[in-house]
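Data block below; observations after.
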Amino acid sequence: MRSVDHPSCQDGTVTTTELSVDDAVERAVALAARPGRTVLGIAGAPGAGKSTLARRIVAAVDTAHGTGTAVQVPMDGFHLANAALEALGRHDRKGAIDTFDAAGYVALVRRLASVDDEAASDDDEVAGDGEAAPGDEVASGDGVVWAPDFDRRVDEPIAGSIAVPRTTRLVVSEGNYLLDTAAPWSALVDLFTETWACVVDDRVRVDRLVGRHMRHGRDHEAARTWALEVDGVNAARVAATVGRASRTIRT
């Protein structure tokens, strides 16, 4: 049975291990070498560096263990479409917790985590014989889970964009609300092998967000207003849940 790593508790106080980015990447490479599949969740406020860390992890794991060993599956693929947000009257606060398909995301993580150790070990043996490389699995469609992505160029989720073959050893999924205590998000900490939280100085985080929003078409004033007023509300919600992480990463 797949083990799940939670924060430790000493003398009634919950403690969370803090890692540097380099240490976090090293740990992810080690997790990918373990038997079975590891599903790693990376939480954090908007602009905390979650996606950057996830990409670095996937690159390092694939370098260490072979291309296709790790796959990144962002929570942002479960954004509701802009048309749906307009119909619901929520487009002006896109990114808030109720602008995602939470149940759909939890269902996907549960599915990704359901690959048991025995099945993964069997796949290792087959891959070792050169008969089931990740590319071959995707082409055949056998055991592949397809996940959505989010395209910032069009500001929309794109269904069926990311292939997760059965032989994938490390799935890295990042998003704001992976540690949230509201249902159905609250189920996630028991589905991820480990759940990490990215933490960063707020001034750095806001500067990152302003730059991001300007790159996607907002002027400086509009970008800063969104970063402080919309992203800021979401960041406060995320900050309240960081203590649930098994590890924090200083980004």
Practice task
Under the side-chain contact (heavy atoms from CB on, under 4.5 Å) rule, what do L170 and R37 come out as? Steps first, then yes or no, please.
Solution key: CA-CA 6 Å; L170 179 68; R37 173 178 286 176; over 6 Å; no
Exercise for the section: Before giving the answer on side-chain hydrogen bond (donor to acceptor under 3.5 Å, both in side chains), spell out for H213 and D231 the whole-Å C-alpha distance, their side-chain angles and the decisive distance to 0.1 Å. Expected result: CA-CA 11 Å; H213 295 322; D231 293 329; 2.7 Å; yes
Handout entry: Test log, rule side-chain contact (heavy atoms from CB on, under 4.5 Å), inputs T248 and L19
Key = CA-CA 6 Å; T248 56; L19 302 177; over 6 Å; no
Practice task
Dump the intermediate steps for side-chain contact (heavy atoms from CB on, under 4.5 Å) on L53 and V25, then the final yes or no.
Solution key: CA-CA 8 Å; L53 176 60; V25 172; 4.3 Å; yes
Handout entry: Working for side-chain contact (heavy atoms from CB on, under 4.5 Å), residues V106 and L188
Key = CA-CA 7 Å; V106 173; L188 290 168; 3.9 Å; yes
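In terms of hydrophobic clustering, with Ile, Leu, Val, Met, Phe, Trp and Tyr side chains grouped at heavy-atom distances under 4.5 Å, V171 and I162 are assigned to a common cluster. V164 and F192 fall within the same hydrophobic cluster, where Ile, Leu, Val, Met, Phe, Trp and Tyr residues are linked whenever their side-chain heavy atoms come under 4.5 Å apart, directly or through other members. Cluster annotation: L40 is not connected to V199 through the hydrophobic network of ILVMFWY side chains, with a link wherever side-chain heavy atoms come within less than 4.5 Å. A continuous path of hydrophobic side-chain contacts links V21 to L31 [ILVMFWY only; heavy atoms under 4.5 Å]. Criterion: ILVMFWY side-chain heavy atoms under 4.5 Å apart, direct or through other members. Under it, I249 and V172 are part of a common hydrophobic cluster.
Distance alone, capped at 3.5 Å, places no donor-acceptor pair between the E156 side chain and the D151 backbone. At least one donor-acceptor pair under 3.5 Å links the side chain of R208 to the backbone N or O of G47. Judged by distance alone, the side chain of R247 and the main-chain N or O of T195 form no donor-acceptor pair under 3.5 Å. Side-chain N or O atoms of R205 include one that pairs as donor or acceptor with a backbone N or O of P46 at under 3.5 Å. Side-chain N or O atoms of T69 include none that pairs as donor or acceptor with a backbone N or O of V61 at under 3.5 Å. A donor-acceptor contact shorter than 3.5 Å links the side chain of T63 to the backbone of A59. Counting only distance, with no hydrogens or angles, the side chain of T52 and the backbone of G49 share no donor-acceptor pair below 3.5 Å.
R169 approaches R34 most closely through the heavy-atom pair NH2-O, 2.6 Å. What you find for P74 and E174 is that their closest heavy atoms are CB-OE2, 3.4 Å. The minimum heavy-atom distance between G104 and D101, with the atom names listed, is N-OD1, 3.0 Å. Considering all non-hydrogen atoms of both residues, H91 and N82 come closest at NE2-OD1, 3.3 Å. Nearest heavy-atom pair, F78 versus P148, reported as atom, atom and distance to 0.1 Å: CE1-CG, 3.6 Å.
Residues E26 and V29 have side chains not in contact (no heavy-atom distance under 4.5 Å, counting atoms from C-beta outward). Proximity of I42 to C198: side-chain heavy atoms (C-beta onward) are separated by under 4.5 Å at one or more points. Side-chain contact check for M75 versus V109: every heavy-atom pair is 4.5 Å or farther apart. Residues E194 and R27 form a side-chain contact, since some pair of their non-hydrogen atoms from C-beta on lies under 4.5 Å apart. Side-chain contact between V58 and V71 is absent, with no heavy-atom pair separated by less than 4.5 Å. In this structure, P157 and D76 have side chains that are not in contact, with every pair of non-hydrogen atoms separated by 4.5 Å or more. When side chains are defined from C-beta on, L191 counts as touching R110, because their heavy atoms get closer than 4.5 Å. Residues L108 and V145 have side chains in contact (heavy-atom distance under 4.5 Å, counting atoms from C-beta outward).
Between E18 and R250, at least one side-chain N (NZ, or NE/NH1/NH2) sits under 4.0 Å from a carboxylate O, which counts as a salt bridge. Checked for salt-bridge contact, D22 and R56 meet the test: a charged N lies under 4.0 Å from a carboxylate O. With respect to R93 and E229, no salt bridge is recorded, no charged nitrogen being found less than 4.0 Å from a carboxylate O. A salt bridge links K94 to D155: one of the charged nitrogens lies within less than 4.0 Å of a carboxylate oxygen.
Checked against side-chain contact (heavy atoms from CB on, under 4.5 Å), R203 has the following partners two or more places apart in sequence or in another chain: D201.
By the 4.5 Å side-chain criterion applied to Ile, Leu, Val, Met, Phe, Trp and Tyr, V210 is assigned to a cluster that also includes V206, M214, L228.
The OH atom of Y105 sits 2.5 Å away from the OG atom of S173 when rounded to the nearest 0.5 Å.
Remark: R224 CZ is loosely packed, at most 12 non-hydrogen atoms of other residues, nucleotides or ligands lying under 6.0 Å away.
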Donor-acceptor pairs are to be reported for all side-chain atoms of residues 175-182 against protein atoms at under 3.5 Å, with residues two or more places apart or in another chain.
residue	atom	partner	partner atom	Å
N176	OD1	K50	NZ	3.2
Y177	OH	G95	O	2.7
Y177	OH	I97	N	3.4
Y177	OH	N234	OD1	3.4
D180	OD1	R237	NE	2.7
D180	OD2	A182	N	3.0
D180	OD2	R237	NH2	3.0

